[in-house]
Amino acid sequence: MNKYNPQEIEAKWQKYWEENNSFCAEDSFVKPKFYPLIEFPYPSGAGLHVGHPRPYTGMDIVARKKRMEGFNVLYPIGFDAFGLPTENYAIKTGRPPAEVTAENIANFTRQIKSLGISFDWSRVVDTTDPKYYKWTQWIFLQLFKHGLAYKKNMPINWCTSCKIGLANEEVVDGKCERCGGEVEKRDKYQWMLAITKYADKLLSGLEDVDYIERAKVQQQNWIGKSEGASVFFNIKDCEEKIEVFTTRPDTLFGATYMVLSPEHNLVEKLKDKINNFADVEDYINKAKLKSDLERTELQKEKTGVELQGVKAINPVNNEEIPVFVADYVLATYGTGAIMAVPAHDERDFEFANKYNVAIKKVVLPPAIHSSYRNADDIAAGAPSSIRVEADCFPGEGTSVNSDFLNGLETKEAKEKMITWLEEKNIGKKQINFKLRDWVFSRQRYWGEPIPLVYCEKCASENKGGNEQNPGWFAIAESELPLELPQVEKYEPTDTGESPLSQIPEWVKTTCPNCGGEAKRETDTMPNWAGSSWYFLRYIDPNNDKEFASQEKLKYWMSVDWYNGGMEHTVLHLLYSRFWNEFLYDIGLVPTSEPYKKRTSHGMILAKGGEKMSKSKGNVVNPDDVVVEFGADTLRTYIMFMGPFDQAVEWDTNGLVGVKRFLDRVWNLQEKINNGERGMGNEERVEKLIHQVIKKVSDDIDNMRFNTAVAKLMELSNEVSKAPFISQKDYLEIVKLLSPFAPHMAEELWAMYGNSQSISQEKWPEYDEAKIKEDTITIVVQVNGKVRDSIDVPVEISEEDIKVQVLALENVKKWLEGKEPKKVIYVKGRLVSVVV
RNA sequence: GCCCGAAUGGCGGAACUGGUAGACGCGCACGACUCAAAAUCGUGUUCCUUCGGGAGUGAGAGUUCGAUUCUCUCUUCGGGCACCA
């Protein structure tokens with residue numbers, strides 16, 4: 001018998017799989033399909049890191065098992081290659097980003113292939129390939145044509161030292177990531193995508209999909225739907241009104257003051273009425289100067305200034321109430337103004353105390369539960385939900401001091417107030433979202449060019465574009481892809497514009513509408529663009545007529561199982577769902593939701609629990625592990641380390657145990673006895689194998705890879721102790737191991753006369769009857785303590801077992817002659833004797 | 001501050017719908033093989049113990065014949081959101 005030599009075996013089988021297209025999905029449309037997906041990597045110059053193989057291997061195991069179960073599996077891979085690190089590297093070295101990207105992709109490909117992941121390499125997509133981004137641009141144009149893309153004046157992050165615009169990701173703790181310089185906001189016209197129009201759909205769509213709970217909650221929070229009312233407050237002796245949004249219209253009688261955000265345009269309009277305008281202006285200017293960081297850091301202490309001479313009128317009781325400007329009110333949410341109810345909102349409470357504004361209670365907390373009447377009880381153990389601790393009560397209860405709402409529960413009070421407001425025409429039911437529209441422009445080179453042109457003549461004639469942006473036109477579809485031009489320098493310009501603006505011959509074009517002179521948009525798309533639809537392109541990656549054929553989309557969509565990092569559950573997941581839902585609405589994809597199921601893997605940390613990073617020098621390169629131990633050991637170890645969805649610490653010592661396990665399985669060949677059976681162990685081994693089939697199958701379906709490996713280890717240990725194993729049983733074990741250690745499994749499978757790849761074999765099935773034991777061990781407890789255990793036949797009756805148990809010496813001893821008060825029998829588990 | 005998640009031997013981690021806590025692996029100890037070492041194989045490995053037992057899953061209570069599992073309070077750690085009215 002040869003020694004297990006992973007390096008030799010792995011190269012051999014990787015070559016075999018490639019030559020035989022073993023893992024290419026078929027566009028047969030006959031077999032049931034299964035479409036698993038992992039997040040495609042960004043091909044960085046640093047190469048693969050041991051974190052990458054975790055999701056790839058996990059889904060690979062699922063994919064391989066599904067193939068063996070008869071599914072037509074599409075398990076694709078690609079590269080999300082536009083991005084800042086490559087662009088920055090290009091700036092530093094002067095090399096074209098495309099060239100650097102090609103090199104990095106080649107390196108990533110080599111590394112991933114060395115892991116034996118069953119990706120369909122015939123469908124690789126690269127977001128920077130013009131053949132790919134042609135369709136990214138095309139989809140953007142559909143969004144534009146349907147009025148979902150518009151240009152708006154928005155603040156960007158401006159590094160005062162590098163004199164360039166930064167993406168949000170480049171701003172770390174309010175400073176420039178590269179130079180550490182100050183970052184300020186500068187206004188710039190940017191393309192926006194109206195994702196807010198899909199807020200409701202993005203929210204309700206979550207009901208029908210199987211995402212891990214955390215991902216759903218995060219998306220819900222991000223979308224941030226809140227239901228309430230908008231209410232108009234009149235201003236005394238003035239035509240102007242203040243519109244506010246509130247989720248608690250039932251507390252309107254308790255509104256004792258109002259607040260405008262510093263950016264609110266009403267301040268300027270009321271200038272003449274404000275007696276202390278100089279103070280107000282001063283406050284507003286100071287607020288503007290505060291960076292985002294300062295605003296959040298200084299949140300502990302609320303500040304504001306009263307607009308003296310201005311009084312608002314509470315519409316429910318006509319009381320005159322003061323109006324403040326304060327930066328704890330955000331300009332970007334709701335109407336940028338609030339009605340303040342200090343008795344029932346903690347922020348308003350704090351502010352009212354500081355500025356001496358009246359506090360009026362209009363909601364009583366619900367009755368305290370009778371079992372917790374006593375104050376000491378409450379302090380000791382009442383659930384926090386029924387405790388009342390402060391003078392400010394933000395919860396729900398019963399309305400008081402509120403005229404026609406008195407005595408109503410919060411829910412009813414809200415409804416009644418909304419009806420009243422609507423009847424009087426001073427307010428209405430209103431739903432607000434936290435979700436903002438998506439800033440889609442980047443002043444960068446290494447991204448997809450935005451395929452729009454601006455014609456000044458048409459703009460002046462109010463042609464094209466949309467209401468906000470006349471003069472903008474989509475380029476003709478025949479001109480797609482609009483390729484990135486070659487440039488000399490990749491640096492952003494002094495004005496914060498994209499480097500593309502420095503190429504006059506590229507910028508200058510003709511207007512698709514009037515044929516006159518026009519200018520191209522010089523901003524590029526953000527990183528998120530290419531990854532917002534890549535799962536659709538995998539289905540038909542070489543199609544040059546459509547982004548994917550309808551027939552193929554109908555067969556393959558939606559993605560059955562998408563696994564990715566928690567860091568992408570908000571933006572990437574939301575953006576790609578948005579694009580898919582849009583494409584569904586215009587009839588181009590068959591399902592509204594792109595992903596049926598979403599799971600998440602935990603990070604692999606360096607020893608000591610730190611993140612692996614280049615600067616700390618603690619990155620483990622999978623190449624080294626493959627060379628030393630082999631890919632099968634690496635794969636199996638990564639799966640064995642710990643629960644798939646939790647962070648785990650890398651430990652090179654752990655690899656040793658897994659290598660020993662694989663060696664042992666390999667060496668089990670010595671135990672194969674072809675001729676002889678009947679050595680007395682077959683039945684036991686068979687039973688064990690059936691138990692393992694069940695366990696491993698269930699565990700893979702639930703991503704409990706660590707316990708699946710443990711069970712396989714247990715099986716191999718058990719078999720090692722047996723005198724012989726039949727070839728049939730041995731190969732059954734090899735099949736079960738094949739998704740984890742595919743190279744070794746192929747080698748062993750071939751060694752015993754099989755000419756076809758093990759990946760074509762049927763996944764083992766278990767027989768429930770063979771799993772069952774004939775005798776079971778019943779645990780005996782006396783007064784809750786384990787005192788003995790007995791082996792009894794499975795079908796023993798309750799009476800019989802009770803008699804047997806009470807006759808046990810160990811039980812008699814603990815009974816001390818007393819009669820048992822109660823004897824409980826839990827079928828197949830235990831007998832509990834209570835004295 | 002709010003919302004999630006977690007806490008189990010020396011370490012990573014198991015334990016189905018409440019039913020023998022510590023599977024599996026690392027490490028460690030002893031033994032076999034060896035001149036020796038490595039590798040491999042075998043045995044043991046939660047703690048205390050007067051060897052009868054006793055204690056034990058972050059802490060404290062509760063429900064139960066029985067709680068790592070359910071309820072409540074608290075502590076610590078990790079993640080997300082962060083003045084969203």
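The model shown is predicted, which means the values in this text are computed figures rather than measured ones. In what follows, every chain begins at residue 1, and chains take the letters A, B, ... in the order their sequences are listed.
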Q.
For A/Glu718, is there an ion pair with A/Lys671 - N to carboxylate O distance below 4.0 angstrom?
A.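 Looking at A/Glu718 together with A/Lys671, the answer is no, because their closest N to O distance does not fall below 4.0 Å.
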Q. Is A/Lys225 salt-bridged to A/Asp200, cutoff N-O under 4.0 Å?
A.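 Judged by the 4.0 Å cut-off on N to carboxylate O distance, A/Lys225 and A/Asp200 do form a salt bridge.
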Q) Which part of the nucleic acid, if any, lies within contact of A/Ser832, taking any heavy atom under 4.0 Å across all strands shown: a base, the sugar-phosphate backbone alone, or nothing? A)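 The residue A/Ser832 makes base contact.
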Q: Would you indicate what A/Gln781 reaches in the nucleic acid, counting non-hydrogen atoms under 4.0 angstrom: base, sugar-phosphate, or nothing?
A: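 Touches a base.
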Q) Taking the same atom, C1', in B/rU20 and in B/rU46, what whole-Å distance lies between them? A)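 My reading of the C1' atoms in B/rU20 and B/rU46 gives 15 Å.
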Q) Between A/Phe705 and A/Phe740, how do the two ring planes meet: parallel, tilted or perpendicular, split at 30° and 60°? A)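 Correct class here is perpendicular.
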(Q) Output one letter per nucleotide in nucleotides 2-12 of chain B: B when a protein non-hydrogen atom lies under 4.0 Å from the base, S when only the sugar-phosphate is that close, - when neither is. (A) --S-------B
Q. Going by a 90° cut-off around 0, is B/rG12 syn or anti?
A.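 Anti, which is what one calls it when the glycosidic angle falls more than 90° from 0.
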With a 4.0 Å cutoff (strictly under), does any side-chain N or O of [X] reach OP1 or OP2 of [N]?
| X | N | value |
| --- | --- | --- |
| A/Lys785 | B/rA55 | yes |
| A/Asn717 | B/rG25 | yes |
| A/Ser226 | B/rA85 | yes |
| A/Tyr328 | B/rA85 | no |
| A/Arg787 | B/rU20 | no |
| A/Arg664 | B/rC41 | yes |

Q | Short side-chain donor-acceptor distance under 3.5 Å, A/Tyr333 and A/Ser261 | A |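 There is no such pair (donor and acceptor under 3.5 Å, judged by atom type) between the side chains of A/Ser261 and A/Tyr333.
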Q) With no hydrogens and no angle check, do the side chains of A/Tyr328 and A/Asp348 hold a donor and an acceptor under 3.5 Å apart? A)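 Distance-only check passes for A/Tyr328 and A/Asp348.
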Q) For the rings on A/Tyr355 and A/Tyr257, is their centre-to-centre separation under 6.0 Å? A)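 Ring centroids of A/Tyr355 and A/Tyr257 are no less than 6.0 Å from each other.
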Q) When you measure from every atom of RNA chain B, which of residues 701-711 of chain A have a heavy atom less than 4.0 Å away? A)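 Those residues whose heavy atoms fall under 4.0 Å from RNA chain B, taken from residues 701-711 of chain A in numerical order, are A/Asn706, A/Thr707, A/Ala710.
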Q. With nearest nucleotides of RNA chain B determined for A/Lys822 and A/Gly336 from heavy-atom distances, which residue corresponds to the more 5′ nucleotide?
A.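 By nearest-heavy-atom nucleotide position, the 5'-most residue is A/Lys822.
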(Q) Both A/Thr247 and A/Glu346 contact RNA chain B. Taking the nearest nucleotide for each, which residue is further toward the 5' end? (A)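 Going by which nucleotide is closer to the 5' end, it is A/Glu346.
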Q) Given pairs defined as Watson-Crick or G-U wobble with both distances under 3.5 Å, what dot-bracket annotation applies to RNA chain B, with ( ) intrastrand, [ ] crossing, | other strand and . unpaired? A) (((((((..(((......[....)))((((((.......))))))(((....)))..(((((..]....))))))))))))....
